[in-house]
Amino acid sequence: MTNFWKTLGYRTVMDALHLTGAQRVLAPLTRGRGLVYMLHRVVGARDDEFQPNAFLEVTPEFLETVILDTRAAGIEFVSIAEAHRRLVAGEFANRFAVMTLDDGYQDNLDIALGVFRRHAVPFTVFASSGIADATCELWWLALERIIAENSQIRIDFEGMRETVPAGTTAQKNAAYERLCGWIGAGLDEHAQRRAIRALADWAGLDMAALCRSLAMDWDGLRRLAAEPLATIGAHTVGHHAVARMSEAEARDQIVRDMERHEAELGKRPEFFAYPYGGKLAAGPRDFALAAELGFKLAVTTRPGQIFPAHRTHLTALPRVSLNGLYQKRRYAELLRDGVPLALYNGFRRLDVA
Ligand SMILES: [Zn+2]
């Protein structure tokens with residue numbers, strides 16, 4: 001979903017920052033006044049060898065550790081509505097953190113909720129209505145399932161004919177990387193969905209059943225919405241990279257999602273997360289669109305912390321991703337201090353272009 005980690009040579013840089021003490025020197029310069037954590041799934045550790053989407057999963061134990069360490073660092077967890085109030089009011093005296101989870105996975109209700117309750121942490125789930133309706137193609141998870149269950153992948157799609165070996169774990173990883181690049185970036189937003197449907201048909205995978213097995217339906221979202229700690233935000237109907245669509249299509253994806261949320265949950269969503277959320281998935285046109293459509297805050301996946309300057313960019317907020325491949329306290333501490341984020345951003349505090 002993001003090449004931030006790869007770009008940075010993550011593990012090497014993070015370990016170097018920690019070991020050399022550079023973190024202690026840089027942290028006072030790189031700490032923001034707030035941060036928005038981003039999670040997707042919260043599940044127990046799995047021991048499958050082929051887990052191309054493991055970066056989207058953290059364990060409940062790691063989540064608990066991050067909560068305790070964040071509080072021990074003097075940072076207060078607040079709801080997204082309170083973060084909005086502080087941003088608008090210019091109240092930056094105390095550092096704050098907002099917890100967010102994207103897409104609307106069932107484990108948010110079954111597992112993460114218990115952790116948030118135990119520690120009284122407010123949180124926001126950005127749910128795609130198409131995922132709740134099981135009409136949206138969770139293509140990255142479908143692709144994982146198809147490759148896991150087949151020793152070769154037969155592609156016969158709009159003139160492309162190829163057989164990709166997927167017998168060994170190494171072959172499965174290589175196949176995933178290639179096909180993820182093809183489907184996720186090589187094809188446009190509509191061809192991408194035709195391609196994964198064609199592959200699912202070939203493999204006999206029921207896409208709607210996959211969605212239902214992994215994500216909350218509206219009953220689940222209603223149960224979550226009834227929790228005092230929870231806020232439900234919007235995430236488009238079909239989980240599309242809105243920047244890769246026409247403005248009319250992007251608007252339609254967002255507006256229909258808001259309407260569906262309102263019809264099912266009785267409340268028009270006030271907060272929004274751009275699907276994928278990187279530079280190629282959401283840009284200035286979309287930041288303006290989210291503001292025009294009435295969202296109080298909208299979050300990207302651009303890495304960074306919240307600074308007072310973000311007051312005038314409320315629909316282009318950066319986040320701090322808790323990546324499942326790096327579930328170490330010292331990495332979380334570096335991210336909390338904003339050090340790797342600042343390095344990545346060249347010490348620019350605003351990244352909204
Ligand atoms: Zn998402």
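FYI, side chains are in, hydrogens and waters are out, and symmetry mates aren't considered; it's all heavy atoms of this structure. Counting convention: from 1, in listed order, for ligands and their atoms alike.
Residue pairs meeting the side-chain hydrogen bond (donor to acceptor under 3.5 Å, both in side chains) criterion with at least one partner in residues 196-216, sequence neighbours excluded, are Glu137-Arg197.
Residues Val242, Ile254, Val255, Met258, Phe272, Tyr274, Phe287, Leu289, Leu293 make up the rest of the hydrophobic cluster containing Phe295, defined by ILVMFWY side-chain heavy atoms closer than 4.5 Å, directly or through other members. The hydrophobic cluster around Leu87 extends to Val36, Val78, Ile80, Val88, Phe92, Phe96, Val98, Phe126, Phe271, Leu297, Val299, Ile306, Leu314, Leu317, counting ILVMFWY residues whose side-chain heavy atoms fall within less than 4.5 Å of a member.
Taking the six-membered ring for Trp, Tyr276 and His240 have ring centres at least 6.0 Å apart.
Protein nitrogen, oxygen and sulfur atoms, that is N, O or S, within less than 2.8 Å of the Zn ion (ligand 1) amount to 3.
When only modelled atom types and interatomic distance are considered, His235 and Asp103 share a side-chain donor-acceptor pair under 3.5 Å. If you check the side chains of Glu144 and Asn53, you find a donor sitting under 3.5 Å from an acceptor.
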